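What you see is a predicted model, and the numbers here were worked out from it, not measured in a lab. Side chains included, hydrogens not; waters and symmetry mates left out as well; all remaining heavy atoms used.
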Amino acid sequence: MFAYVARQPIFDVSREVYAYELLFRVGEENCFPNIPPDEATSKILTSTHLSLGIEEITGDKKAFINFHRDTLMFRFPTSLDADKVVIEIVETVDVDDALVAACKHIRGLGYPIALDDYDMKGKWEAFIPFTSVVKIDITEIPHDKIPALVERFKSYKIKLVAEKIETYDEFNKFKNMGFDYFQGYFLAKPEIVRHRKLGPSSLTMMELLTLSSQAKLNFDEVNRIIERDPSLTYLLLRFINNPMVNKRHKITSLKHALTFMGEVEVKKFISLLALANLSDGQPSELMQMALVRAKFCELVFTQLKDSDNPLKGFLTGLLSLLDAMMEQRIDDLVSKVPISDDVKNALCGTPGILRNCLTLVQYFERAKWAGIQQFANKYDIKQSILHSYYNEAIKWAKHIHSSALKDE
C-alpha cells in the first residue's frame, strides 16, 4: 500500500521546528474524495510506520498524528514509540465516558495527548487533567478570550499551540500571550524589516553560483575557488560520500569528487552551499523546506520535460524561499542572482511548468489534495508518482541536510 503524506511544521518560540503534524491519505483510489478518518489513520500506521518509518518523514522531531474515535478505542497509538509521537484527538469526535477512559489509559502508557482545534466546549473538560498539549485555532476563538484560556491551561502545565499563524505580527502577539508553539506559514513569508548584507563568504558563494549558472561549467575555476577554502572542500567531500548520493565509490580528493559528480551534480552542490550560506542566521526549517522543494521540483520537472535542463526545476525549488531567508522581495533578489530567465520568471509568479511545479509542492506542504489531483489530471501523471516524489524529496533532504550542510 502506498501512503500519501503531508507534513506541516510546528515551531517553538525561537522559530525552530519542535515537531511535524502528519496529514495522511491512503491509496490513489481513496485519496480523493476522503476515506473515513479512522480508516486513513489505521492504514497509515500500517503502511508508513511499519514500512517507511515515521522517522523518515520527521527526522528527530516529534510527530503529531490525528486520531479519531475508533482508533483511540482500539488503542492504535500504542503501536508507536511514545517518545516520538503526540496523539491528537480531533475536535469532531463524539465524547463519552468510554472515550475519556481510553485516552486516559493511553496517556498512562506514556503517550502525550493533544486536543486539536480546541473550541471551548464542555465536552473537553474531562480531558484537561491528563492533556499535555492544547491547539487553538486563532481564527476560531475571539482573541480577547484567549489570555484567560492561556492562564487556565498554564495552571495545568499544558503546552499551547497557536494554529493558523500567518504573519510575524501574529507570531509575536501570541508568543507574548504565553503560547509555546506555533503552526502556520508565517515562517515562509518574508518579514521586510531590513536588508541583510553579503559578507566575504557570501560573496564567494555568489562567485560560485555565477560559475554554476554558465552553460558549460569551468571545473578548473570551481576547483580553484573551493580549494582555497578548506571548509568548502570538507563539505563537498561530505556531500559526495553521502550514501544518498554515492553508494559505491569512496571519494578521496577534491578533483576526484568534481570529476565523479559531473556537471549537473556539481552545480547542485554549489547551489546548496550558496543557499545554506545566504540563509545563515535564519531558522533551519527554511533550509529544510528549500531542500525538499528543490528535489521535488527537480523530479517533477524532469518527469514532465525530460529533455530540458533538470537543474531548472532544482533551482526553482531551492530558491523559492530566498525572500524569507534574505528578508527582501523575491523580484528584487532574483535580479541580483545569475540564474536563467525561466527560473526567475517562475519565482516571480509567471505562469508555466516551473511555476506549476512550485505550486504543486506548496499543495503538498499544506495537504491540499484537490490541487494535487488537478495537477495530475492536467499533466496526465499518476498521483501515486507525485506522492512518491514528495516522499523521496523528504528523505533526500533529511540526509543532505544532516550530512552535508549541518555543523557537527
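Legend: residues meeting side-chain hydrogen bond (donor to acceptor under 3.5 Å, both in side chains) with Lys123, ordered by chain and number and at least two apart, are absent. Every residue meeting the ring-ring contact (aromatic ring centres under 6.0 Å, His included) condition with Tyr390, not counting sequence neighbours, appears here in chain and number order: Phe296, Phe364. In this structure, His105 has no ring-ring contact (aromatic ring centres under 6.0 Å, His included) partners at least two apart in sequence or on a different chain. Partners of Glu91 by side-chain contact (heavy atoms from CB on, under 4.5 Å), not counting sequence neighbours, listed by chain and number: Asp116, Asp117, Trp124. Among residues two or more places apart in sequence or in another chain, the salt bridge (Lys or Arg N to Asp or Glu O under 4.0 Å) test is passed with Lys173 by none.
Note on Glu21 versus Arg7: no salt bridge recorded, every NZ/NE/NH1/NH2 to OD/OE distance being 4.0 Å or above. Comment: Glu298 does not engage Lys312 in a salt bridge, judged by the lack of any side-chain N to carboxylate O separation of less than 4.0 angstrom. Salt bridge absent: Asp97 and Lys104 never bring a charged side-chain N and a carboxylate O closer than 4.0 Å.
Shown are Lys135, Lys154, Lys175; of these, the salt bridge (Lys or Arg N to Asp or Glu O under 4.0 Å) with Asp180 is made only by Lys154.
The aromatic rings of Trp369 and His387 lie parallel to each other, with less than 30° between the two planes, well short of the 60° mark. Note: Phe74 and Phe76 have perpendicular aromatic rings, judged against thresholds of 30 and 60 degrees for the angle between ring planes.
For Leu321 against Leu286, the heavy-atom pair with the smallest separation is CD1-O, 3.5 Å. Across all their heavy atoms, Val300 and Cys357 have their closest contact at CG1-SG, 3.7 Å. Minimum heavy-atom separation, Thr58 to Ala63: CG2-CB, 3.9 Å.
Arg15 places no side-chain N or O within 3.5 Å of a backbone atom of Val13 that could act as its donor or acceptor partner. Looking only at distances, a side-chain donor or acceptor of Arg69 sits under 3.5 Å from a matching main-chain atom of Asp94. Counting only distance, with no hydrogens or angles, the side chain of Thr78 and the backbone of Arg75 share a donor-acceptor pair below 3.5 Å.
Within the 4.5 Å cutoff, no side-chain heavy atoms of Glu365 are placed close to those of Gln8.
For the atom pair CG of Leu347 and OG of Ser320, the computed distance is 7.0 Å after rounding to the nearest 0.5 Å.
Summarising the local packing, NZ of Lys159 is surrounded by 12 or fewer heavy atoms from other residues, nucleotides or ligands at distances under 6.0 Å. Under a cut-off of 6.0 angstrom, the local environment of NZ in Lys61 is crowded, with over 12 non-hydrogen atoms contributed by other residues, nucleotides or ligands.
The aromatic ring centroids of Phe314 and Phe301 lie 6.0 Å or more from each other. Between Phe182 and Phe11, the ring centre distance reaches or exceeds 6.0 Å.
Residue pairs satisfying the side chain to side chain donor-acceptor pair (under 3.5 Å) criterion with at least one member in residues 346-364, sequence neighbours excluded, are listed as follows: Asn356-Tyr379.
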